[in-house]
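Everything quoted here is computed from the prediction, not taken from an experiment. Each chain gets a letter, A, B and so on, in the order the sequences are listed, and its residues count up from 1. When reading the values below, keep in mind they use all heavy atoms of this one structure, side chains included, and skip hydrogens, waters and symmetry mates.
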Amino acid sequence: MNNLKLVTNDFSGAQRSRKNPWLQGIRDAASERLRVLQLPTRKTEDWKYLKLEKLLANDQLDAQSMQELDSKSVEDIDELLAQSFIDGLDAYRLVFVNGVFVSQLSQHDSNPYSVLFSAASKAQQQLIVDHLDTSHNYYHDYFSSLNSAQLEDGLLINIPKDCAVDKPFYIVNLTIGEQPKTSMMRLLVIAETGSTATIIEHEDAPLKHTGMVNTVIECFVNDHAHITHSRLQLDESVTSICSHRVRQGAHSTYQQHQISLASKLKRNDLTVALRGEYASADIRGSFYGRHQQSIDNHTCMEHIVPNCTSNEVFRGLVDNEANAVFNGRIHIHPDAQKTLAELSNKNLLLSDFATINTKPELEIYADDVRCSHGATVGQIDNEALFYLQSRGVPKVEAKRILSLAFIAEIVNQLTDDNVRDFVSQRSSSLFATLQPEGAQ
Amino acid sequence: MLNITNLKANVDGKEILKGLNIDVKPGEVHAIMGPNGSGKSTLSNVLAGRDKYEATAGTITFGGKDLLALEPEDRAREGIFLAFQYPVEIPGVSNLEFLKTSLECLHAYQNKPLLSAVEFLKLAREKCKLVDLHTDFLKRGVNEGFSGGEKKRNEIMQMLMLEPKLCLLDETDSGLDIDALKVVADGINTLRSPDRAFILITHYQRLLDYVQPDFVHVLSDGQIVKSGGSELALELEEKGYSWLESGTEQSANPLKV
């Protein structure tokens with residue numbers, strides 16, 4: 001592949017001097033991996049339903065250099081954001097614009113838990129280096145390696161032992177201004193034993209500017225720790241590839257709610273490794289694609305030790321000529337007896353030209369487990385449609401109501417009232433623009 | 001108010017209604033009875049405008065308008081309400097949202113002032129009480145997990161909220177215990193007024209013990225074969241339908257003579 005050469009040359013050849021030399025080891029290791037890894041093609045099983053080579057421009061994959069915003073732009077953005085932020089949310093707010101932290105837009109004065117890699121103390125640097133890229137030592141994909149190879153900065157959230165954080169972390173990632181190159185996002189969460197925290201990530205493009213974001217999230221949820229993680233991907237104009245890896249200790253819980261709008265390409269890889277007994281993972285997601293958008297969700301539950309539970313529910317809505325993929329894998333290792341794993345993916349096709357490829361995968365090497373999985377693809381229920389019409393609701397509006405109802409199960413489970421209201425509002429206004437052609 | 005003349009209708013290419021005539025004036029209550037398969041539900045579905053129920057001949061006018069030319073939602077906006085035989089469950093849409101949307105759609109069309117959120121909630125609670133549904137039902141998904149009786153009461157509740165001009169009740173009484181039947185009947189009687197009409201489609205006399213009809217029609221094989229006053233229902237209850245059916249086809253039946 002030509003573009004592969006271009007990209008790898010850029011790392012090993014040009015020897016660009018990057019910030020934070022203490023991260024050089026991470027960058028070097030990733031560059032080394034990239035010598036072998038290739039940009040996925042349709043022949044790569046995990047990517048076979050996407051025309052990746054068409055969706056990504058070669059030059060776009062290279063990271064843009066991180067530039068601080070000038071104060072004028074900050075003011076402009078601040079004004080713009082008044083409407084984009086989640087209302088009424090009392091949180092530690094951390095705002096990134098095109099991958100760069102903007103302190104002036106953030107509210108985190110009394111926040112002792114998070115620090116930028118670039119501001120990390122010696123001890124924190126050590127913690128970061130010890131954890132980065134270790135969440136799944138057996139699997140490194142192309143895009144996350146690209147992220148690591150170009151890593152300059154990131155956000156560390158480190159919850160001390162037995163600490164229950166008083167308010168959520170609200171991480172906002174914005175794409176503003178047409179971005180020709182890739183923004184890199186890197187989040188490292190280390191929840192020490194017995195700690196509790198809530199993280200809300202909100203990706204947005206308030207002016208519908210285009211760009212590409214390559215995100216890597218690693219969550220270490222240690223024994224008896226509890227993490228609630230909401231991910232709102234509301235940036236329809238942004239191409240996004242996200243590798244998200246969770247590693248859980250004994251008796252820990254990890255709960256994720258993901259609300260995703262598709263874009264030219266939106267890819268989410270979520271891997272949860274249950275490495276301590278009685279750990280439990282609860283993953284809820286909903287996605288919506290329209291026009292010629294693509295969205296691809298790959299999840300993998302790695303049950304490595306006995307007595308763990310995973311529950312996964314995804315709902316997809318696909319309209320117009322959009323293309324959606326859901327691949328849910330449950331991998332039960334030989335030692336993982338008494339595993340309880342459930343997976344459900346239901347999809348609604350709103351148009352004759354929309355596509356969904358859904359594939360639940362069970363791979364079980366233990367003999368005393370309880371697993372269930374199911375996937376459905378359907379259309380709007382004509383009986384329900386007629387019921388609404390017979391009560392005076394026009395057909396287009398009835399379709400809108402039924403589409404929203406389909407993902408309501410996921411949205412209603414968002415635990416924070418402010419977040420839930422925000423998402424409900426955004427989704428109703430989004431569906432208010434449902435096109436008649438999509439309503440066929 | 002409603003005039004049906006020589007209505008013929010097909011379902012999946014099969015002719016079910018074979019020349020049906022009925023005239024309903026404001027204030028009247030008509031009961032349509034008849035054996036299984038006679039076309040009772042087809043009639044209600046044709047009136048409400050359900051897909052696949054295709055009128056092939058005849059006319060239906062409602063308030064002077066050609067009903068068959070209207071979309072289902074417009075029929076509802078003109079004032080037709082169908083209480084479903086099998087109300088649909090819609091998880092994810094609460095009864096409250098459902099009623100609010102419906103009421104707003106109807107009121108906007110009828111140029112009535114929209115209710116405030118508070119007024120609406122008060123009204124909804126009031127109507128719930130009338131049909132003996134706990135107000136918690138308002139928060140639940142439309143008919144989601146409701147028992148058969150609760151679904152039927154919910155239909156009546158909607159009817160009370162929307163105050164239609166013509167209420168079509170498609171076997172609303174079937175499957176109800178006696179208490180629920182009374183609730184349904186009370187709901188209908190509450191709404192009876194000189195400018196509102198009812199068509200009750202039913203198998204049994206039971207409901208008519210509580211709601212006195214002005215006219216009773218017997219539907220058989222897609223046609224009305226006999227019409228009369230409320231006493232006709234009692235006669236049917238006693239004798240069944242066979243004397244009428246055979247009466248039209250085989251004059252040999254001694255009961256007919």
Side-chain angles (χ1 to χ4, degrees), chain A residues 257 259 284-288 313-317 344 346-348 350 376 378-414 417 420-421 423-425 427-429 431-432 434 436 439-440, chain B residues 44-53 70-95 97-110 112 139-144 151 154-155 157-159 161-164 167-168 170:
Chain A
H257 291 98
I259 310 285
R284 315 263 149 163
S286 70
F287 52 88
Y288 171 57
V313 180
F314 269 79
R315 293 273 175 119
L317 276 175
S344 152
K346 292 184 181 169
N347 304 286
L348 206 55
L350 298 172
T376 61
Q379 285 169 308
I380 285 206
D381 177 8
N382 279 328
E383 290 295 307
L385 200 61
F386 178 64
Y387 195 64
L388 280 159
Q389 284 182 277
S390 78
R391 298 298 181 254
V393 183
K395 198 169 186 178
V396 174
E397 174 69 6
K399 288 204 172 189
R400 189 180 80 85
I401 290 172
L402 292 173
S403 302
L404 283 171
F406 187 73
I407 53 168
E409 187 191 336
I410 308 293
V411 174
N412 290 342
Q413 282 170 345
L414 285 163
D417 290 348
R420 192 173 53 243
D421 289 350
V423 170
S424 301
Q425 227 165 41
S427 24
S428 0
S429 62
F431 280 87
L434 252 190
Q440 284 310 301
Chain B
S44 65
N45 283 319
V46 169
L47 286 171
R50 190 191 283 265
D51 275 355
K52 291 185 184 164
Y53 289 79
L70 298 178
E71 291 295 318
E73 56 265 35
D74 291 327
R75 299 182 192 199
R77 291 157 161 191
E78 289 291 338
I80 288 184
F81 179 91
L82 169 65
F84 280 55
Q85 187 178 0
Y86 304 109
V88 184
E89 297 197 15
I90 313 180
V93 181
S94 75
N95 272 295
E97 291 168 63
F98 175 74
L99 279 169
K100 195 160 181 295
T101 311
S102 172
L103 204 64
E104 281 172 2
C105 287
L106 296 182
H107 282 186
Y109 185 81
Q110 295 158 358
K112 287 188 192 166
K139 290 181 207 148
R140 284 168 56 181
V142 175
N143 292 318
E144 192 184 2
K151 282 181 183 169
N154 194 24
E155 294 292 290
M157 191 273 180
Q158 291 172 23
M159 190 172 86
M161 283 293 286
L162 304 179
E163 299 185 323
C167 307
L168 291 166
D170 189 359

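The minimum heavy-atom distance linking B:A76 with A:Q389 is given by the pair CB-O, 4.0 Å. Counting all heavy atoms, side chain and backbone alike, B:C105 lies closest to A:V393 at SG-CA, 3.9 Å.
Neither the backbone nor the side chain of B:D74 comes within contact range of chain A; no heavy atoms are under 4.5 Å apart. Using a 4.5 Å cut-off between heavy atoms, B:E97 does not touch chain A at all. Residue B:R75 does not touch chain A at all, counting heavy-atom pairs closer than 4.5 Å. Of the two parts of A:A405, the backbone and the side chain both hold a non-hydrogen atom closer than 4.5 Å to a non-hydrogen atom of chain B. Residue contact with chain B, scored on non-hydrogen atoms closer than 4.5 Å, involves the side chain of A:D381 exclusively. Contacts between A:L402 and chain B at a heavy-atom distance below 4.5 Å involve the side chain alone, from C-beta outward. Heavy atoms closer than 4.5 Å to chain A are found nowhere in B:P164, neither backbone nor side chain. B:Y109 does not touch chain A: none of its heavy atoms, backbone or side chain, sits under 4.5 Å away.
Rounding to the nearest 0.5 Å places CG of B:L47 at 12.5 Å from OG of A:S390. Here the CD1-OG1 distance, from A:I401 to B:T101, works out to 4.0 Å after rounding to the nearest 0.5 Å. Note that CD of B:E155 is 3.5 Å distant from OH of A:Y387, once rounded to the nearest 0.5 Å. A:E383 CD to B:R50 CZ: the interatomic distance, rounded to the nearest 0.5 Å, is 4.5 Å.
Screening B:L106, B:L162, B:V142 for a side chain to side chain contact (heavy atoms under 4.5 Å, CB included) with A:R391, the sole residue that qualifies is B:L162.
Atom CD of B:Q110 has more than 12 neighbouring heavy atoms from other residues, nucleotides or ligands inside a 6.0 Å radius. The number of heavy-atom neighbours closer than 6.0 Å to CD of A:Q425, taken from other residues, nucleotides and ligands shown, is 12 or below.
Residues B:E71 and A:K395 fail the side-chain proximity criterion, which asks for heavy atoms closer than 4.5 Å. The shortest distance between side-chain heavy atoms of A:L388 and B:V93 does not fall below 4.5 Å.
The aromatic rings of A:F386 and B:F84 sit tilted relative to each other, their planes meeting at an angle between 30° and 60°.
Between chain A and the options B:G141, B:G49, B:S102, the largest number of non-hydrogen pairs under 4.5 Å is found for B:S102. The candidate from B:L82, B:L103, B:D51, B:I80 with the greatest count of non-hydrogen atom pairs under 4.5 Å with chain A is B:L82.
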